[in-house]
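To start, the structure itself, in structure tokens.
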Amino acid sequence: MNATARKKANENAETMLSVEHVSLSFGGVKAIRNVSFDIRKGEIRAIIGPNGAGKTSMLNVINGFYHPQEGTITFKGEKRSDMRPHIAATQGIARTFQNVALFKGMTTLDNIMSGRTLRMKRNMFWQALYFGPARREELEHREYVEEVIDFLEIQHIRRQPVGKLPYGLQKRVELGRALAMEPDLLLLDEPMAGMNLEEKEDMSRFVIDVSEEFGTTVALIEHDMGVVMDLSDRVVVLDHGVLIADGTPDEVQSNQDVIDAYLGISH
Amino acid sequence: MLEFIIGLYEGFLANPAVEIWQDPAYFIQNVAGGLMVGILYSLVALGYVLIYKASGVFNFAQPMMAIFATLALIMFHDKVLFPAIGTGYGLTIVLAIIGSMVMMLILALLVERLMLRPLVNQPEIILFMATIGLYYFLEGFGETMFNKIANSPVPMESLGMEIGPFFVGGVMFQKVDATAAAVAAVMVILLAVMFQKTSVGRALRAVADDHQAALSVGIPLSVMWVVVWVVAGAVALVSGLMWGASAGAVDFGMVFVALKALPVLILGGFTSIPGVIIGGLIIGVGERIAEIYWSPYLGDSIESWFAYILALIVLIYRPEGLFGEKLIERI
Amino acid sequence: MFYREAGQFKASYGTDQAIFPIAQDKWFVLAVVAAAYLVVPLVANSYWYEVILTPVVVMSLSALGLNVLTGYCGQISLGHGGFMAVGAFAAFKIATAFPELNVIIVFLISGLFAAFAGVIFGIPSLRIKGFYLAVATLASQFFFEWWFQQVGWFSNYAPSGTITAPSQEFMGVVISGPSATGVVKYLIGLTFLVFFCIVVKNLVRSHIGRSWMAIRDMDIAAEIIGIKPLQTKLLAFAISSYIAGVSGALFLFLMRISLEMEAFDIIAISFPVLFMVIVGGLGSVMGSIFGAVFIIGTPVFIKNFPELTTASVILVLAGLSVAWLTKYGVWRWVPLVIGVPLAVFVFFQKFASNTAEHIVLMFFGLSIVLVLIFEPNGLARLWQIAKEKFRLWPYPY
Amino acid sequence: MARAAAKATPTDDTFPKLLLRNAKKFTDRPAIREKDLGIWQSWTWADVLDEVRAFAIGLKKMGLKRGDAVAIVGDNKPRLYWTFVATQSLGAIPVPVYQDAVAEEMTYVLRHAEVKYILAQDQEQVDKVLSISEDVKTIKEIIFDEPRGLQNYGHGHIRSFEDVQALGRNELEKGKSAEESWLKEIAKGKGSDTSVILYTSGTTGTPKGVVLSHDNIIITAHNGNKFDNLDEHEEMIAYLPMAWVGDHVFSYGQSYDAGFCVSCPESPETVLDDRREIGPTYFFAPPRVYENMLTQIMVRMEDAGPIKKMMFDAFLKVARRCGEDILNGNQVGFGDRLLYAIGDFLVYGPLRNRMGLSRLKVGYTAGEAIGPEIFRFYRSFGLNLKQLYGQTEAAVYVTAQPDGEIFAETVGKPSIGVDIRITKNGEVQYKSPGVFVEYYKNAAATRATKTRDGWVHTGDAGLFDSHGHLKIIDRAKDVGKLKDGTLFAPKYIENKLKFYPNVKEVVAFGDRRDYCAVMINIDLVAVSNWAERNNIIYAGYQELAAHPDVYKMVKEHVDEVNRSLAAESDIAGSQIHRFLILHKELDADDGELTRTQKVRRGFIADRYAELLKALYSKTSSYRISTEVTFEDGGKGSITGDVKIVDMKPYPAEMAKEAAE
């Protein structure tokens, strides 16, 4: 199914997340200024913009790592202005980082298993005995994790410590950890940065498959325009913390402000 | 319950206040004494800050270096060559100081080559643990080397230091303490100037900010490290001498007092020279006052932990210390 | 060489996630445990029990506790002796207040007090990281040192502050106090060690352990997958201190019988246990035991075999010079140039009793630095590498 | 004699009936395993019956009829094996297709067999089938095993295995009738029914569809099991192409007959690890697998430390001296036995473990002659490796080596139930219960291969030795003569050279020529490793192949082969006079190798005609440009100078002296 077909399917979908009039500044430096946009259920939403446009800050606001000074965020109908990252996780927001943020001392399997932490309820005493419900729970989650591993085709590195893996695979493991959370909204911060062409193609396929097979809503930051145009249903363009365009890839591509921003013309 | 609170109020606030009111001279004398001790804490802590700022290493062995350097000086001054056996010839104080500094230079070179260089790019916590290893090594090595001269007094006369009390406005001070404080103050000013004004100092600051950047502007990292460890060694020698002078004799047990510099360090912030000065004064005065006025209610020798708890409480509110640089976590 | 893994396939996740998925490993460990229970009591004498065996099991347990906090959760602590002291004093108070209560139960209860203390002093860990935290943990160490000495109630108002483990019989066997035999004390300690090794191993391979390691490896990412930092760290503090408390109680009841607060000070306990964990291997259950064996065994070795010590020190230094062959140029001779005369000198000192202690200090310091340089993951990692070599045998890779 | 061994009775004369029997007899024993999601998922015989029943009834519901052809294409997976028996239970005919077949090969097979239903393992195969569906009008339905990426192939004729099973289960829930009528269908089947059509990969010309009956396969499989005492406790790993007769007979036929469990690897890349995990007791591999394993061992041992290397070499010698005798149960001195036992602990045992063959009861090699040295190497390490000689047309077994009677240069005695005769022109012919029914829709070819009284031409030249063991020299048509009349057996020479780990492929020429000359492919893995150790810098295969040092090394190998040839009086004259190292690796994609990695000598002679000419001239170097096909199907060309080296042959007598 191509992007246009998906777009049609999503047009009437409900809004999963909406960002309203959000501003964020660090000690006087304004990172985001009065930005509003929404993400619909099931779509792939790209956030693009030149360096320093505030894209990563935007993701950090969405998953509670930064606290905006102004504005609100409505996620699944619940309005908030502030939140802690682990609460965002509880509500169904997962993310990956621009510079891979894996647990270097753990294996691929353990890294992805750690994505299931929120769903594991057995207390310490059962765990200490590794018996009964705790063991069953652990094995059930292992099964789900194995499906993620299968999905991302990383069986062969299952038992390897992630610290020693090549960069492209690390990114894949990180995506795996986010998927293991079974999130409603998946935030990907430059999932293809630093990859070669083949790895980029693989990653694009995974992103599309995630959207189609799991029905996960995806918001991604990406520099590679080709990738963005292929993958995404709708695009938000930020420049110097200001939203300068919002629409389908085609609309955005022909927007004069966007072209200027990318050519470096100051306003 | 109410009685308990009243008890607390009386014990910790009312009664001390009354006592202070009744005998202000005693209070002032204690404050002054606390300040003197505090400046010595600051001096030891300064050694930590120097090394941390320049190389990112939290050198746990700093107090051990102080004792080591001081004992080396005493050795050179007293019985050079075979201290462990107890024979040999004494040197003049100037030569002894030079000898001691040469030893610190050798130590710095060895540490840089054999410990820091292989551990470059390791997490700070690993380097920290390595310095605990250095601490043990220096203690074992020093105890073996200086077996016969441990517990010797600092050669006060040769250093031109006087013993005995003096009075300022009816408040009594020890000359030793005053000398120590004065030396410490001079030391601090010298270092501050060096860091701010000289090219070496600027280079050191560059190294601390960013190893890569420092390399790219052509500063040889290893040289800088040796320089800073030698400077820290000098600070260690001075602080060891001052501690030894006020304590009467130098031995490895002194290290516990010197560890008091740690809360000073975290209170002031690892990276701030003014921070450790003020931190040292706060802790020096704080623990003396607490000891004097609160021990009737808490028990004796509160000093042993007061500094730590004070630092801990400050840390909860300011994790980077009073003057430390605020860490902004970026992802 | 010993491994014959072909045919050991896993048909369920249960077998795949076993502690020892390879049959040979499982049998080897079971054999070692069986030997510790059955063979050791047949051959050991009281010197061995007092100087090596009981100290090793007790300190292994203590190191295991610290490994939970530092090795798995990444929170470095210099206050471990304080928590052990809490356990020891709690056990002493409970055992003297309720003489009827079985000491085994006393040990388990006294751990709770230490766990509580651990949680209190762990609270700052939410905001303080790295060596700021390390220094902060010293606060607990010094505070408890002072407290237990200052308040007579803790030592039942003994004038010197000395506490002594009371005697108790269980099913006709003296299991605590001065008259308990070495073998009984050793077996009790061993049982505690084995039990807590299993508990910790199970915890660290569960989601709890993964949360700890996540916090250790990258706390920001951990938070983003929904791990609550404070809760997770406090749990590590609690479990670490609990085990420390139990080991403190064992330290009093099985090892020292009679002690003062100084026995738990930073030089006597906190640093050595930290060394055990570093040398043995951060984040390894097995490593805690290796570390304890190394740190406890080395002084005994040095005291008993001075000639061998001198020889092996020289050998190690020479080996070091060779190992640094390509890396450090002429500097590689430094360990030899300094070390050999020193070793010889020390040997001719005939090991005056305090000299031996100083040698031990030097040796510990040196081994920490060497371990950090050459194998930051400690002896446990070396063990792993050896195992891997045997699995691949005769292939080199 | 042939019929005497036949044991098929009406109750278990077809695979579906065997399945019913096994589900009853071995109910809870594992029947098949697959490494999936990190562990070995297992199905018992009862489970398999359950899965197959649902699938078969689903297929029936979809309209599969007796006699319809069902193609099966993909890697070895349980569901693909189940499709065989499910198809057979309805009287339809399974047609396995090589999973790496390119579109045109596949089109040919699907059209020729008039395939109506296709079981494609994954998206890749489905895409391939879809790409040719225009050309194969008979296709009605595509069923896939692995749903990954196939969610949106949303038209009615593509569905998942589960969907078909759901159809069947739905029927089964409605009442007993569905199952009863299925059982009735099974009962209708008889031994002489067509069981499977296997398309031969075709060394020459278009593939031929070999029709094998249930009797063919079941009786042969049963005899094979009896020959090696295989029972339900065996473990084996299915990793060879399902369209190849070997896999069909070993992993399907013998498994269903004996009731043992077959394990399917996670993916083709993980076969080695999977084999190590399973530890098969019964193992089959073509010689190249053993060659690769040996190369791997030698290469890795080269990197071992000096002490380890010394130990390895020493025990290698011990094994060479007495290993085979110990395995064969011959008299061996105590000293050697002791040394061998130590060697077993230190070297042989661990190596068997690394290869995953610790538990091996019997291992076979066939398809091509294996180098005697390689063969002996494995046997001396305590692995009961044996050779067999077989053909698709015979449902594999023609001859096999019985335990204890192993001679490296022969392929053993006639298998149970097989009669063999050797014709005057040296060709081996056989007659057995496994002899195929016919070539599908190709009566002419059938007639050309199978005589009216049931003897089959093998096309191989061979002879019986004094022990009554068959010795295959070469393809009957390939054995030739040099101009001076000396016998020239190209494969014999090629295999001798291929024993060296550095040599991957060899093509020998000499028939009706003045002398023997060879083209060589070096083994990139082995040689690059060697190059690394010797600090030889190279950019790729071509540069490495042309390197003077590599030439020097290969020259030594050729010289040794010449010396050994000189010792054999009949063929001493066919020593290698000139050789060259090819500038590119021979590749199946370029048609230089068959899909089973056999050298296509004639094709190569045409393709490199200029080089061949150079071999038989005086030139010492030739510049050649060759077109190559890349993995993605694109084309390109490789150009380079190829050096040709002259060899000095040994006089027959002198070589003998040297050998003594």
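Letters A, B, ... are given to chains in the order of the sequence lines, protein chains preceding strands, and every chain is numbered from 1.
- Looking at B/I126, the atoms closer than 4.5 Å to chain C (heavy atoms on both sides) sit in the backbone and in the side chain alike.
- One finds the CD1 atom of B/I125 at 9.0 Å from the CD atom of C/Q75 (value rounded to the nearest 0.5 Å).
- Sorted by first and then second residue, the side-chain hydrogen bond (donor to acceptor under 3.5 Å, both in side chains) pairs involving residues 363-372 of chain C (not counting sequence neighbours) form an empty list.
- With values rounded to the nearest 0.5 angstrom, C/I368 atom CD1 is found 8.0 Å from B/I132 atom CD1.
- Scanning all heavy atoms of the two residues, the minimum distance from B/F141 to C/M362 falls at N-CG, 3.3 Å.
- In this structure, chain B has heavy atoms under 4.5 Å from both the backbone and the side chain of C/L361.
- Listed by sequence position, B/L312, B/L315, B/I316, B/Y317 are the residues of residues 310-317 of chain B in contact with chain C, using a 4.5 angstrom heavy-atom cutoff.
- Between chain C and the residues B/Q122, B/M129, B/E139, B/M115, the largest count of heavy-atom pairs under 4.5 Å involves B/M129.
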Let me have the donor-acceptor pairs involving side chains of residues 57-70 of chain B, under 3.5 Å, with sequence neighbours excluded, atom names and distances please.
residue : atom : partner : partner atom : Å
B/N59   : OD1  : B/A61   : N            : 3.2
B/N59   : ND2  : B/Q62   : OE1          : 3.4
B/Q62   : NE2  : B/A232  : O            : 3.4
B/T70   : OG1  : B/A66   : O            : 2.6

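- Counting heavy-atom pairs closer than 4.5 Å to chain B, the top-ranked of the candidates C/F275, C/W146, C/F143 is C/W146.
- Among B/L265, B/I266, B/L267, the one residue that satisfies the side-chain contact (heavy atoms from CB on, under 4.5 Å) test with C/V135 is B/I266.
- Taking all atoms of both residues into account, the shortest heavy-atom contact from C/I373 to B/P118 is CG2-CB, 3.5 Å.
- C/F142 pairs with exactly one of B/F306, B/W305, B/Y308 by the ring-ring contact (aromatic ring centres under 6.0 Å, His included) rule, that one being B/Y308.
- Contacts with chain B (heavy atom to heavy atom, under 4.5 Å) involve these residues of residues 261-271 of chain C, listed by number: C/I266, C/I267, C/F271.
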